[in-house]
There are 2 protein chains.
Amino acid sequence: MRRLKPMATRVEQRQRTEARILTAARRLFGEHGFDRTTIRAIATEAGSDPGLVMRYFGSKEKLFAQAAAIPADRPIEGSPEQIARLLTAALTDKLADEPTAALAALRAMFSHPEAAEEVRAAMTSQQRQVAAQLPGDDAVLRSGVIGALTLGLVVSRHLVRLDGLDASPEELIAVVGPIIEELATGA
Amino acid sequence: MRRLKPMATRVEQRQRTEARILTAARRLFGEHGFDRTTIRAIATEAGSDPGLVMRYFGSKEKLFAQAAAIPADRPIEGSPEQIARLLTAALTDKLADEPTAALAALRAMFSHPEAAEEVRAAMTSQQRQVAAQLPGDDAVLRSGVIGALTLGLVVSRHLVRLDGLDASPEELIAVVGPIIEELATGA
DNA sequence: GTCTATAAAGAGATAGAC
DNA sequence: GTCTATCTCTTTATAGAC
């Protein structure tokens, strides 16, 4: 049915299957959260079967860990104005296309402690980095508010699909950009 | 021919038990989300048993619906400046003490469609009301951002427990209040 | 390499004893 | 009114057939 060349094709096939499983896992974890996403559903969506998923990834937890790993953000450095620009640019990206892996972690974090830790780690690391470079006594607080605002926008847009946030990223940034700059500079 | 066997006591007892179950349900749903909270755990925490919980509330879904009903916010009306003040005051409350019922709905909404609808309904209703009274072409967008900011702050503080947001409500409002006013007036 | 059958555990829900 | 025992279903995870 398949090819007649065994070895190379097998490795290739396996990688393909693994990739399909990971993609399906990201989508489903992101859409339904950790508990409501079943190995069965992932296998079906990937055109495979539950046994194979378990064999490749070991457990549902491990599959989730791989699917929901948050890609590290670029380092944020410079003057308050530059920082504001970098944060605004990063937000634009997050609003434009759906960051599938991050969404999986975000949705799951509210019911899955490990996912919560993943998100918290990613956010605090960036936030501390930013706070250290901002002026003012309340730099930590202000960078925290920037983080909360960013989280609120991403969640409201992609997860809650809140009314009024379905505008284009540019329109949104036109409103939010100045606020981020204000918070960064402390004006 | 009043009571040798007091009916009133039974009714009273039942109400007490129901109240204890509801309190336990709010706390546990708020802490672990819908799927990870078991009827068994709620019964144990309420000093009761699973059978009773089912008997009183019918199903886990119905118990959740009662536990996670979001109390309606006060109507928000007036000039943009007044609206900003009302929204800021409401936010102060939400930051000060943990709104147990709302937290249950908030945490659950990410994995439980019914809860998502509850939160979305509560938010859009208030948001539309606000948008209708704000000046400017982008009033809907700006009131959406206010909603996202509020959601982000509450989630970051109570659910994520993000670094830098553990300040006193007053300190937080000192930073966020002006932003809300800006968004409301469109300045 | 891939898929089927099943074991093991845990959940919500129900019936009935006290 | 309250609690115990159990039924049934669904899940992850495993063992082994193709």
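Below, chain A is the first sequence line, B the second, and so on; all start at residue 1.
Atoms CG (Asp49(B)) and P (dG1(D)) sit 15 Å apart, rounded to a whole Å. Taking atom CG on Leu52(B) and atom P on dT2(D), their separation rounds to 6 Å, with Å as the unit. Between the CD atom of Gln15(B) and the C1' atom of dT2(D) there is a distance of 17 Å, given to the nearest Å. Computed from coordinates, the Glu12(B) CD to dG1(D) P distance equals 11 Å when rounded to whole Å. Following rounding to the nearest Å, Phe64(B) (CZ) and dA11(C) (C1') show an atom-to-atom distance of 17 Å.
Taking the ring-ring contact (aromatic ring centres under 6.0 Å, His included) definition, one finds that Phe110(A) meets it with Phe110(B), sequence neighbours left out.
In this structure, Glu118(A) and Glu114(A) have side chains that are not in contact, with every pair of non-hydrogen atoms separated by 4.5 Å or more. Within the 4.5 Å cutoff, no side-chain heavy atoms of Val140(B) are placed close to those of Asp163(A).
The side chain of Tyr56(A) contributes an N or O atom lying less than 4.0 Å from OP1 or OP2 of dT2(C).
Between Thr124(B) and Gln127(B), the side chains place no donor N or O within less than 3.5 Å of an acceptor N or O (distance only, hydrogens not considered). For the residue pair His112(B) and Glu117(B), no side-chain donor N or O sits within less than 3.5 Å of a side-chain acceptor on the partner.
No engagement by Phe57(A) is indicated, since no non-hydrogen atom pair under 4.0 Å with the nucleic acid exists.
Using a cutoff of 4.0 Å between basic side-chain nitrogens and carboxylate oxygens, Arg36(B) and Asp35(A) are scored as salt-bridged.
Judged by the 6.0 Å and 45° rule, Lys62(B) forms no cation-pi pair with Tyr56(B).
Residues from residues 18-26 of chain B that place a heavy atom under 4.0 Å from any atom of DNA chain D: there are none.
Atom CD of Glu181(B) and atom CZ of Arg85(B) lie 7.5 Å apart (nearest 0.5 Å).
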Pick out the pairs of N or O atoms, protein on one side and nucleotides 8-16 of chain D on the other, that lie under 3.5 Å.
from: dT12(D); atom 1: OP1; to: Ile39(A); atom 2: N; distance (Å): 3.4
from: dT12(D); atom 1: OP1; to: Lys60(A); atom 2: NZ; distance (Å): 3.3
from: dT12(D); atom 1: OP2; to: Ile39(A); atom 2: N; distance (Å): 3.4
from: dT12(D); atom 1: O4; to: Arg40(A); atom 2: NH2; distance (Å): 3.2
from: dA13(D); atom 1: OP2; to: Lys60(A); atom 2: N; distance (Å): 3.0

